[in-house]
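Just so it is clear, the model here is predicted, and its values are computed rather than measured. One-based numbering along the sequence shown. Values below: all heavy atoms of this structure, side chains included; hydrogens, waters and symmetry mates excluded.
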Amino acid sequence: KVNGGMFKVENADLDKDTYFAANLVSSDIKKKPAAKDIVGYRGLYVDIDAGRNEDKTYLNNEDVAKAKVDMLKVIDTLPTPTAVISTRNGYQLYWATTDINDAEVHRTAENQIIDILSIADHNVKDTARILRVPGTMWCKDPDNKVNCRSESGQLRSNRYSASFRR
């Protein structure tokens, strides 16, 4: 399955969560990547979640939908992400980059975005981050699966430098 020209997913099992690595991973890896598995840097990302109830359960769909309206207002103030991936509990924003060559430059740029964006999950900033593939399912709750989609309906071709200049 080709999704917007950016992701190629073959034989996706919709009963399982499906992810892509935000950065380039060693080709011989067969598990979730770790920082040591990253061989190149191709993007910056932010995770925005509606949060959870006091008992750590997910918010109901109505409360998440209300929160997502407010999230989109904030997202609209940012440099246009290459992908805005709608998940069950919020959004994953991804900016494809052109000039990040090492982990320290990536870490600095990632931290700058997260520090500026107060609604971002400040724990989601490792170089080996995986993000949801648009067009696949969020399956953490088997009784409440949700289609993860590109919010704009398509993935954009915009690319940024680490300083967020096109």
Heavy-atom donor-acceptor pair, [X] side chain to [Y] backbone, under 3.5 Å:
{"X": "T87", "Y": "G90", "result": "yes"}
{"X": "T18", "Y": "T136", "result": "no"}
{"X": "T108", "Y": "E104", "result": "yes"}
{"X": "N89", "Y": "G51", "result": "yes"}

Hey, could you give me the [atom1]/[atom2] distance between [X] and [Y], rounded to the nearest 0.5 Å?
{"X": "L44", "Y": "R129", "atom1": "CG", "atom2": "CZ", "result": "13.5 Å"}
{"X": "L78", "Y": "I113", "atom1": "CG", "atom2": "CD1", "result": "9.0 Å"}
{"X": "R132", "Y": "Q92", "atom1": "CZ", "atom2": "CD", "result": "6.5 Å"}
{"X": "K36", "Y": "T127", "atom1": "NZ", "atom2": "OG1", "result": "11.5 Å"}
{"X": "C148", "Y": "Y19", "atom1": "SG", "atom2": "OH", "result": "8.0 Å"}
{"X": "L72", "Y": "I48", "atom1": "CG", "atom2": "CD1", "result": "8.5 Å"}

Of the non-hydrogen atoms in [X] and [Y], which two are nearest, and what is the gap between them?
{"X": "P33", "Y": "A128", "result": "O-CB, 3.5 Å"}
{"X": "K125", "Y": "I114", "result": "CB-CD1, 3.4 Å"}
{"X": "G43", "Y": "N23", "result": "N-OD1, 3.3 Å"}
{"X": "H122", "Y": "L117", "result": "NE2-O, 4.0 Å"}
{"X": "S150", "Y": "P134", "result": "N-CB, 3.8 Å"}

Considering residues at least two apart in sequence or located in another chain, which fulfil the side chain to side chain contact (heavy atoms under 4.5 Å, CB included) criterion with [X]?
{"X": "S86", "answer": "K68, Y91, R149, E151"}
{"X": "N61", "answer": "R88, N144"}
{"X": "R52", "answer": "Y58"}
{"X": "K73", "answer": "V69, D70"}

Shared hydrophobic cluster, [X] / [Y] (ILVMFWY, side-chain heavy atoms < 4.5 Å):
{"X": "V64", "Y": "I85", "value": "no"}
{"X": "V146", "Y": "V133", "value": "no"}
{"X": "L24", "Y": "L131", "value": "no"}
{"X": "I119", "Y": "V84", "value": "yes"}
{"X": "W95", "Y": "I38", "value": "yes"}

Among all residues two or more places apart in sequence or in another chain, which pass the side chain to side chain donor-acceptor pair (under 3.5 Å) test with [X]?
{"X": "D115", "result": "none"}
{"X": "N123", "result": "none"}
{"X": "D76", "result": "none"}

Residues two or more places apart in sequence or in another chain: which of them pass salt bridge (Lys or Arg N to Asp or Glu O under 4.0 Å) with [X]?
{"X": "K66", "value": "E62"}
{"X": "E54", "value": "none"}
{"X": "D63", "value": "none"}
{"X": "D37", "value": "K31"}

As a quick check of understanding, evaluate side-chain contact (heavy atoms from CB on, under 4.5 Å) for L93 and I75, giving each step before the final call.
CA-CA 9 Å; L93 311 181; I75 292 168; 3.6 Å; yes
side-chain hydrogen bond (donor to acceptor under 3.5 Å, both in side chains) pairs, two or more places apart, involving residues 39-51
none
Does N147 reach the side chain of M137, with side-chain heavy atoms less than 4.5 Å apart?
yes
CA sep, side-chain torsions, deciding dist, call: K32, I130, side-chain contact (heavy atoms from CB on, under 4.5 Å)
CA-CA 8 Å; K32 183 178 175 183; I130 56 174; 3.9 Å; yes
